[in-house]
Each structure stands twice: as C-alpha cells, then as structure tokens.
Amino acid sequence: MIRTRFAPSPTGYMHCGNARTALFNGLYASKEKGALILRIEDTDHARSSNEFMHVLQENLGWLGVHWQEGPDGKGAHGPYVQSQRHSLYENYYQKLQALGKSYPCFCSDAQLAMNRKLQIARGEPPRYPGTCRKLESATVAARIAAGEKPATRFAVTPGSKITFTDLVKGEQTFVSDDIGDFIIRRADGSASFMFCNAIDDALMEVTHVLRGEDHLANTPRQLMIQTVLDLTSPQYGHLSLILGDDGAPLSKRHGSASLEDLRAEGFLPLALLNYMARLGHTYTGEHANDFMNWLELAAGFDPARLNRAPARFDRHQLLHWQ
C-alpha cells in the first residue's frame with residue numbers, strides 16, 4: 001500500500017509551498033487508496049511551538065487535506081510528534097555506535113566555519129574534514145569528563161557512490177567524498193533533522209515522499225543512514241520551487257504567502273486546491289481544465305507529470321479558480 005507523509009516543522013504559519021507539498025502527498029495517497037501521514041518535526045525546540053502545530057492542523061483541515069495517521073491519535077506508528085520519540089532514536093544511535101558508524105565531535109562552530117572558508121577558497125566542496133574521527137577513546141572520555149559536550153557524526157564510507165531514482169528528477173548520483181561526515185545528534189543531545197527524518201520514514205513504513213527540492217542534498221545522507229541500519233527506504237521525489245513574478249523564490253514580499261493570509265482575504269479552499277494542484281503539475285484529458293473536487297483531483301494526479309522546472313505563483317490564475 002502507498003504510504004506518503006507530510007512532515008512540517010511548527011515554526012511559523014504554513015506557506016503555499018508547504019501547502020502544495022501536503023496536497024501532492026495527499027492526492028497521491030488518495031489516488032492509490034493508501035494513507036497520508038502527518039508527522040510534526042519539532043526537534044528545533046527554540047523555534048517550535050504548540051500554537052503553530054495546532055494552527056497547521058486546522059489549516060490543513062480547512063484546505064481539505066485529511067490524514068489517516070497523525071498527532072490527533074490516528075494510526076499505529078506513533079507518536080507522530082518527534083519530540084516524543086527520543087527513546088526510539090536513542091536505540092538507533094546505540095546501533096550506529098556498535099557498528100562503528102558514528103563518533104563524537106568536539107569541533108566548535110568557529111572551527112567548522114574556518115574549515116568551510118578554507119575549502120571554498122581552494123575550490124573544494126565544503127564538508128567536514130574528519131578532525132575528530134580518529135580520536136582515541138581515552139581522549140574522548142577525558143574531554144567528556146572535563147565537561148565538553150560533543151555532537152555525534154555519522155561516519156560516511158569514503159570512496160562510495162549513492163545512486164537513487166528521484167520520482168521527479170530521475171536518476172541522481174552523489175559521491176560520498178563530497179558529502180563528508182555529518183551531524184546526527186547535536187551537542188545538546190537533540191536529534192538532527194537528517195537522522196530522525198530518516199528513522200521515522202522507515203519506522204512509519206513510508207513508501208513515497210514528495211518534498212521540496214531544497215531537501216535533495218539530504219537524500220543521500222538519509223539513504224546512507226537507512227542502509228547501514230538495515231531499514232527500508234522510501235522512494236523520494238523532489239518538487240520544484242515556487243517562484244514569484246520576479247523569478248525569486250516565493251515569499252511575503254510577493255503578497256499573500258501563507259494560508260492564513262489567503263484565508264483572511266476570502267479565498268475558498270476548493271479554489272486553492274484547484275490552483276495548487278496545477279502549480280508544477282499537469283492534468284491531461286478532456287477535463288484537464290475543469291473545476292474538480294478532491295476525488296477528481298486525486299484521480300488525475302500523477303507523479304510522472306510533476307514538472308522539473310520551477311513553478312510561478314500567478315495570482316490571476318488563482319483568481320480564475322476563485
């Protein structure tokens with residue numbers, strides 16, 4: 001069964017890009033008679049809030065995007081809020097350590113910034129140089145005993161390639177030496193996005209993920225984590241950006257950028273659904289330009305017809321559907 005997910009961070013009001021991501025995952029799950037999972041990724045404790053989490057769920061419901069599993073108590077793969085899943089993550093941290101695939105890193109932000117600056121100056125891809133990878137266990141223990149709090153890095157296998165077929169962009173290949181060892185647990189003990197996102201996709205049995213193309217570089221890292229831990233990986237697809245009329249990524253300066261704004265203006269949810277379902281996705285057939293309900297939009301949705309080129313937010317088109 002197809003299982004998709006929408007995994008927002010509750011750090012602000014939901015903008016059109018996030019809403020479109022939720023919509024595409026919901027339409028795909030609905031078409032295939034599968035399930036849409038709503039997972040709240042609140043590992044950024046400083047910026048996340050319960051208020052935004054509740055507003056996000058209310059906005060999705062208003063829009064007509066309904067999930068089958070989520071933080072409202074539905075589903076058997078919970079909890080669906082990442083801040084409640086620490087014990088699950090700890091289990092996999094220990095497995096990585098036992099496999100020799102992780103290590104503590106004591107490097108400061110200043111050291112890391114200097115490394116990146118030097119690498120860029122030499123024309124090299126900015127990546128962690130492995131400074132702490134070969135620290136002796138006695139040295140690590142002494143530094144921790146002295147009060148230092150290390151982050152944890154994933155030990156990337158050098159000289160390897162990570163290849164996968166993107167549902168939107170086709171075959172993708174990354175070289176591990178260009179990635180470098182990356183952080184999977186912060187110095188404060190919290191799980192990084194890279195780690196918990198990969199673990200949760202596997203444990204929640206997600207089969208297909210449609211998300212923004214800004215996450216494309218994260219995918220090889222997450223695939224490496226899942227492979228080492230012998231977890232099943234979903235198929236990932238990365239959606240093109242939404243641009244404003246000036247060709248820059250859509251933002252507040254282009255006008256209404258959040259669902260809260262559009263609702264306040266009086267836009268109707270079905271008008272937004274019809275507009276956003278065509279924002280970077282093409283419908284075909286004699287009814288391609290018809291005003292559709294949710295089931296009709298889902299029946300005509302096809303990941304193969306997601307556009308690789310950026311989509312432009314056109315307010316006149318939105319007003320047409322309104």
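In this chain, numbering begins with 1 at the start of the sequence shown.
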**Study point:** Salt bridge flag under 4.0 Å for residues R85 and E41
**Key:**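 Judged by the 4.0 Å cut-off on N to carboxylate O distance, R85 and E41 do not form a salt bridge.
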Just by distance, do the side chain of [X] and the backbone of [Y] share a donor-acceptor pair under 3.5 Å?
| X | Y | answer |
| --- | --- | --- |
| Y128 | L112 | no |
| R305 | T282 | yes |
| S192 | I183 | yes |
| Q322 | G266 | yes |
| S240 | A309 | yes |

Exercise for review: Starting from the C-alpha separation in whole Å, work towards a yes-or-no answer on side-chain contact (heavy atoms from CB on, under 4.5 Å) for N197 and R5.
Suggested key: CA-CA 11 Å; N197 189 273; R5 55 87 162 162; 3.1 Å; yes
Closest non-hydrogen atom pair between [X] and [Y], with its separation:
| X | Y | result |
| --- | --- | --- |
| M276 | L63 | CE-CD2, 3.8 Å |
| M1 | A35 | CE-CB, 4.2 Å |
| W62 | P269 | O-CB, 3.3 Å |
| M292 | H287 | CE-O, 3.2 Å |
| L318 | L262 | CD2-CD2, 4.2 Å |
| L223 | F164 | CD1-CD2, 3.7 Å |

Between [X] and [Y], do the side chains contain an N or O donor and an N or O acceptor separated by less than 3.5 Å?
| X | Y | value |
| --- | --- | --- |
| D42 | S83 | yes |
| K101 | T157 | yes |
| Q82 | D200 | yes |
| T219 | R211 | yes |
| H208 | R3 | no |

Check your understanding: Between H86 and Y89, how do the two ring planes meet: parallel, tilted or perpendicular, split at 30° and 60°?
Key ->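 H86 and Y89: perpendicular rings.
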Review point. So F301 and Y28, would you call those rings parallel, tilted or perpendicular, with 30° and 60° as cut-offs?
Key: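 F301 vs Y28 ring planes: tilted.
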Under 4.5 Å between side-chain heavy atoms, hopping through other hydrophobics if needed: is there a path connecting [X] to [Y]?
| X | Y | answer |
| --- | --- | --- |
| V55 | V65 | no |
| M204 | W67 | no |
| V81 | I37 | no |
| I40 | V206 | no |
| L99 | V156 | yes |

Roughly how far apart are [X] [atom1] and [Y] [atom2], rounded to 0.5 Å?
| X | Y | atom1 | atom2 | result |
| --- | --- | --- | --- | --- |
| S30 | H66 | OG | NE2 | 10.5 Å |
| L23 | L279 | CG | CG | 10.0 Å |
| T152 | D181 | OG1 | CG | 12.0 Å |
| L38 | Y80 | CG | OH | 10.0 Å |
| E296 | N293 | CD | CG | 4.0 Å |
| R263 | S258 | CZ | OG | 10.5 Å |

Exercise for review: Under the side-chain contact (heavy atoms from CB on, under 4.5 Å) rule, what do L27 and H281 come out as? Steps first, then yes or no, please.
Suggested key: CA-CA 12 Å; L27 291 176; H281 172 261; over 6 Å; no
Exercise for review: State whether F154 and R221 meet the cation-pi test: NZ (Lys) or CZ (Arg) under 6.0 Å from the six-membered ring centroid, and within 45° of the perpendicular axis.
Suggested key: no
Review point. Taking the six-membered ring where the residue is Trp, are the ring centres of Y275 and F313 under 6.0 Å apart?
Key: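 That pair passes the under 6.0 Å test.
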Is the [atom1] atom of [X] crowded by more than 12 outside heavy atoms at less than 6.0 Å?
| X | atom1 | value |
| --- | --- | --- |
| D188 | CG | yes |
| D302 | CG | yes |
| Q97 | CD | no |

Exercise for review: Evaluate side-chain contact (heavy atoms from CB on, under 4.5 Å) for N218 paired with M194, printing each intermediate quantity in order.
Suggested key: CA-CA 7 Å; N218 296 332; M194 205 74 63; 3.3 Å; yes
Exercise for review: Show your working on side-chain contact (heavy atoms from CB on, under 4.5 Å) between W321 and L268 and close with a plain yes or no.
Suggested key: CA-CA 9 Å; W321 294 110; L268 301 171; over 6 Å; no
**Study point:** Step-by-step salt bridge (charged side-chain N to carboxylate O under 4.0 Å, His left out) determination, E213 to R308
**Key:** CA-CA 10 Å; E213 67 178 10; R308 297 186 182 186; over 6 Å; no
